[in-house]
Amino acid sequence: MNPKGYHAYSPEFTGDMKVKTTQFRGVAIDAEKYHGLLNEKAVPYLESILKGYGGFFAIGKFDINPRYTGLVVRQHSQYSDTQVALLLWDKQRNQLIKGLELADTFGDAGWFFDTESWITEYAPNGKLVIVSRTKNFDPNEDFTSGTVTDSTKVSRFNGGKFISTTTATSDTTKYKLKRWKQYKAD
């Protein structure tokens, strides 16, 4: 895949839980057949996936530098397979290591959030910068209104891990959330 300018967001589902957003459907992976994937630190809901409650789907991959490959996957989250993550494959150790959550959306009992990400800088020599934006709606006690928070996080790849800085969102014109519009919270 070409990571330049990539926008990751959680897929939409049909009523029978089939993925509507084809670019995030991915190819199903049997985690038990690929022992390199059996890393709970890299795949937080691995136990649920192995028990059949959710899935693991390959979306794309790209070289970050000679040592690391970025693997974009859709995987199980709170209740369904809504999380899009960038996992790191360490070619020297031949193992999967934790990367970065790129997108997820979830809601329960009036509360909901949406996280989406953009790859803003990329070069195959290890330069990788990702901007993530999260909006969160927390309802008041009687669900008549609520509070919306909005923040951004800038993550830079540095020596096999991501270093992230979180700030309050000030200029969001370049980072419009595709999925947030379905909510009527703002």
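All values below come from the heavy atoms of this structure, side chains included, with hydrogens, waters and symmetry mates left out. Note that this is a predicted model, so its numbers are computed, not measured.
Proximity of a side-chain donor or acceptor of Glu116 to a complementary backbone N or O of Arg133 within less than 3.5 Å is not detected. The closest donor-acceptor contact from the side chain of Thr105 to the backbone of Phe113 lies under 3.5 Å.
Of all heavy-atom pairs spanning Gly160 and Ile97, the tightest one is O-CD1, 3.8 Å.
Judged as a salt bridge (charged side-chain N to carboxylate O under 4.0 Å, His left out), the pairs with a partner in residues 58-78 (not counting sequence neighbours) are, in order, Asp63-Lys91, Arg67-Asp90. The stretch residues 154-164 participates, sequence neighbours left out, in these side chain to side chain donor-acceptor pair (under 3.5 Å) pairs: Ser155-Ser164.
Annotation: side chain of Tyr9 is not in contact with side chain of Leu102 (no heavy-atom distance under 4.5 Å). Residues Asn65 and Leu128 form no side-chain contact, since every pair of their non-hydrogen atoms from C-beta on lies 4.5 Å or further apart. Within the 4.5 Å cutoff, no side-chain heavy atoms of Lys135 are placed close to those of Phe137. The shortest side-chain heavy-atom distance between Val72 and Val84 falls under the 4.5 Å cut-off. Side-chain contact between Thr134 and Asp114 is absent, with no heavy atoms from C-beta onward closer than 4.5 Å.
Atoms CD and CD1, from Gln75 and Ile59 in turn, are 9.5 Å apart once rounded to the nearest 0.5 Å. Here CG of Leu86 is found 6.5 Å from CG of Leu100. Values are rounded to the nearest 0.5 Å. Summarising the geometry, atom NZ belonging to Lys176 is positioned 12.0 Å from atom NE2 belonging to His7; distances are rounded to the nearest 0.5 Å. Between atom OG1 of residue Thr120 and atom CD1 of residue Ile130 there is a gap of 8.0 Å, rounded to the nearest 0.5 Å. Once rounded to the nearest 0.5 Å, the distance linking CD1 of Ile119 with CE of Met1 reads 5.5 Å. Leu87 CG to Leu96 CG: the interatomic distance, rounded to the nearest 0.5 Å, is 5.0 Å.
Comment: Glu121 engages Lys127 in a salt bridge, judged by a side-chain N to carboxylate O separation of less than 4.0 angstrom.
Between the side chains of Asp104 and Thr115, no donor N or O sits under 3.5 Å from an acceptor N or O. Between the side chains of Asn136 and Asp138, no donor-acceptor pair is found at a separation under 3.5 Å. If you check the side chains of Ser117 and Ser132, you find a donor sitting under 3.5 Å from an acceptor.
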Trp118 and Tyr6: CA distance, side-chain angles, deciding distance, ring-ring contact (aromatic ring centres under 6.0 Å, His included) verdict: CA-CA 6 Å; Trp118 295 259; Tyr6 186 73; over 10 Å; no
CA sep, side-chain torsions, deciding dist, call: Phe24, Phe57, ring-ring contact (aromatic ring centres under 6.0 Å, His included): CA-CA 9 Å; Phe24 297 109; Phe57 305 87; over 10 Å; no
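Phe157 and Phe162 have perpendicular rings, their planes meeting at more than 60° on a 0 to 90° scale where under 30° would count as parallel.
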